[in-house]
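Everything below concerns the one structure shown next.
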Amino acid sequence: MSESHPLAQPLTLRRLRQDAHIRQLTQRVHLSPKQMIQPLFAVAGIAEKEPIKGLTGTYRDTETTLLNQIESDLNNGISKFLMFAVPNKKSTDHFNYDFAVKQIDAVKQRFGKDVWLATDVCLCSSTEHGHCGILNEAQDAVLNGPSTIVLAEQALAFAQAGADCIAPSDMMDGRIAAIREALNAHDLEHVLIMSYSAKFHSKFYGPFRAAANSSPSKGQAKIKDRASYQIDPGNFNDAFRSSSRDAAEGADILMVKPGLPYLDVLARLSDAIDLPWAVYQVSGEYAAIECAAQNDLIARIPAHIELWTSYKRAGADMIITYGARYAQEWLREAGY
Ligand code: PBG
């Protein structure tokens, strides 16, 4: 053709998109199971492991199935975990951490350094009212000081049991400093703190709360939600202040949670604060893909991979996801 069509454009950007070779060579974002963390639920007082609605492949594990699950995950390239221990007795104070401590100890006895174990530190699974801290007598406010003292005790017990990393998700002020001080005073300087520093007051935590038996809405407290301690979805500055403060108090890793609705926050914060960043693809985000896929509305595996890619592109170093244990299989299937 000698004369070109008036609308014809020279190939410019599409030259770099034309085949898988050049697309792979130019890709800036990479996914690897090595940078993924699998959440685990260890549940006291259940006889068999139980599925969790919306979280395909994640279970409420018994003491025994927990260890089998980790063994199978190791075989699938996943060695980093975030454990939530769910006790069967709830109280309002004088909490008993024996169940969690026993699980941490069992994991470490069996797998030692092959497993990197972060443990969630929070009170919502332990309190009768489901709040992340201790309530005042009128039951209309979460007390910051007393909660922080108890959280630091919990963190110390978990670190002494062998946890590699302490992950406080409660959102009390000053808990990172209190935890760091407690750890350092007991020769546990090497234990990391991953702070849920930009944790929003989100509607995407539903499947998790069912699994961890930790909803604040059905308890006896007068406050029925976590708005007075988690960050308001419309407030970027609070997330910035909270993350800067936690970094100054000694957090080693910071986190944005949830991921997808807060990608802008992740991008801006990871640019502004030079620490490793985790993103938590929370239960509701994961379940949304699973539900859409079950209804033939979305292609399951590529959709999960696309979301994980978005977290990385926005600046996450590591991804906490219920799909971690499938990552190796899915990435291989998608031609990674
Ligand atoms: C506990 C906690 C929550 C999650 C992690 N730790 C729920 C909440 O704050 O109510 C949510 C994780 C998920 O939805 O996957 N404070």
Side-chain angles (χ1 to χ4, degrees), residues 36-43 52-60 81-87 90 95 100 118-127 129-135 142 147-148 150-151 154-155 158 165-173 175-176 179 193-219 221 223-233 239 242 253 255-262 278-291 304 307-308 311 318-325:
M36 292 191 182
I37 300 173
Q38 173 70 48
L40 298 166
F41 296 94
V43 183
I52 302 167
K53 205 170 167 200
L55 302 186
T56 327
T58 300
Y59 296 87
R60 285 161 48 88
F81 300 91
L82 174 58
M83 189 171 85
F84 297 89
V86 186
K90 300 201 181 259
F95 301 98
T119 54
D120 186 80
V121 161
C122 192
L123 295 178
C124 61
S125 287
S126 304
T127 51
H129 43 69
H131 279 290
C132 301
I134 293 171
L135 293 185
V142 175
S147 303
T148 302
V150 172
L151 290 160
Q154 193 185 63
F158 293 177
C165 178
I166 297 299
S169 67
D170 55 281
M171 296 303 281
M172 297 302 120
D173 283 331
R175 89 272 204 225
I176 301 300
I179 292 171
I193 301 178
M194 173 164 67
S195 175
Y196 290 68
S197 62
K199 175 170 174 178
F200 286 86
H201 184 229
S202 171
K203 293 294 169 214
F204 285 82
Y205 303 148
F208 171 95
R209 288 181 184 174
N213 191 8
S214 67
S215 173
S217 62
K218 49 183 192 280
I223 41 171
K224 300 285 184 203
D225 63 35
R226 308 203 199 288
S228 69
Y229 42 102
Q230 299 181 344
I231 299 172
D232 187 273
S242 174
I253 303 168
M255 188 198 297
V256 172
K257 171 189 174 188
L260 191 59
Y262 300 94
V279 65
Y280 198 145
Q281 181 191 37
V282 299
S283 56
E285 291 177 72
Y286 184 81
I289 302 295
E290 292 297 293
C291 289
H304 280 295
L307 284 198
W308 291 342
Y311 306 136
M318 61 199 91
I319 303 173
I320 303 166
T321 168
Y322 297 93
R325 61 174 51 114

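Order of appearance sets the numbers: ligands from 1, and atoms from 1 within every ligand. Here the structure is a predicted model, which is why all the values come from computation and not from measurement. Just the heavy atoms: all of them, side chains too, but no hydrogens, waters or symmetry mates, feed the values below.
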CZ/Phe95: more than 12 non-hydrogen atoms of other groups inside 6.0 Å: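 More than 12 heavy atoms, drawn from other residues, nucleotides or ligands, come within 6.0 Å of this atom.
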
NZ/Lys224: more than 12 non-hydrogen atoms of other groups inside 6.0 Å: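 More than 12 heavy atoms, drawn from other residues, nucleotides or ligands, come within 6.0 Å of this atom.
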
Is any N or O atom of [X], backbone or side chain, closer than 3.5 Å to an N or O atom of ligand 1?
X: Tyr196; result: no
X: Gln281; result: no
X: Ser169; result: yes

For atom 10 (O) of ligand 1, the protein heavy atom that lies nearest, with its residue and separation: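 Closest protein heavy atom to atom 10 (O) of ligand 1: Arg209 NE, 2.6 Å.
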
Atom 8 (C) of ligand 1 - nearest protein heavy atom and its distance: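 Looking only at protein heavy atoms, the one closest to atom 8 (C) of ligand 1 is Arg226 NE, 3.5 Å.
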
Over 60° means perpendicular and under 30° means parallel, so tell me whether [X] and [Y] are parallel, tilted or perpendicular.
X: Tyr322; Y: Phe41; value: parallel
X: Phe200; Y: Tyr262; value: parallel
X: His131; Y: Tyr229; value: perpendicular

For [X], take its heavy atoms, then give the atoms of ligand 1 lying under 4.0 Å from any of them.
X: Lys199; answer: 1 (C), 2 (C), 3 (C), 6 (N), 8 (C), 9 (O), 16 (N)
X: Tyr280; answer: 12 (C), 15 (O)
X: Cys124; answer: 1 (C), 16 (N)

For ligand 1, is [X] a contact, meaning one of its heavy atoms is under 4.0 Å away?
X: Cys132; result: yes
X: Lys257; result: yes
X: Tyr286; result: no
X: Glu285; result: no
X: Gln230; result: yes

Least distance between heavy atoms, Val142 atom then Ser147 atom: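 Answer, listing the atom of Val142 first, then Ser147: CG1-OG, 4.1 Å.
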
Distance-minimising heavy-atom pair for Arg175 and Tyr196: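 In this case the closest contact between Arg175 and Tyr196 is NH2-O, 3.4 Å.
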
Selected option - heavy-atom contact closest to atom 14 (O) of ligand 1, from Ser283, Ala287, Gly284: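 Answer by nearest heavy atom: Ser283.
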
Ile320 side chain near Met255 side chain, heavy-atom distance below 4.5 Å: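 Ile320 reaches Met255 side chain to side chain.
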
Backbone N/O of Met83 and side chain of Thr119: donor-acceptor pair under 3.5 Å: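 It does not hold such a pair.
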
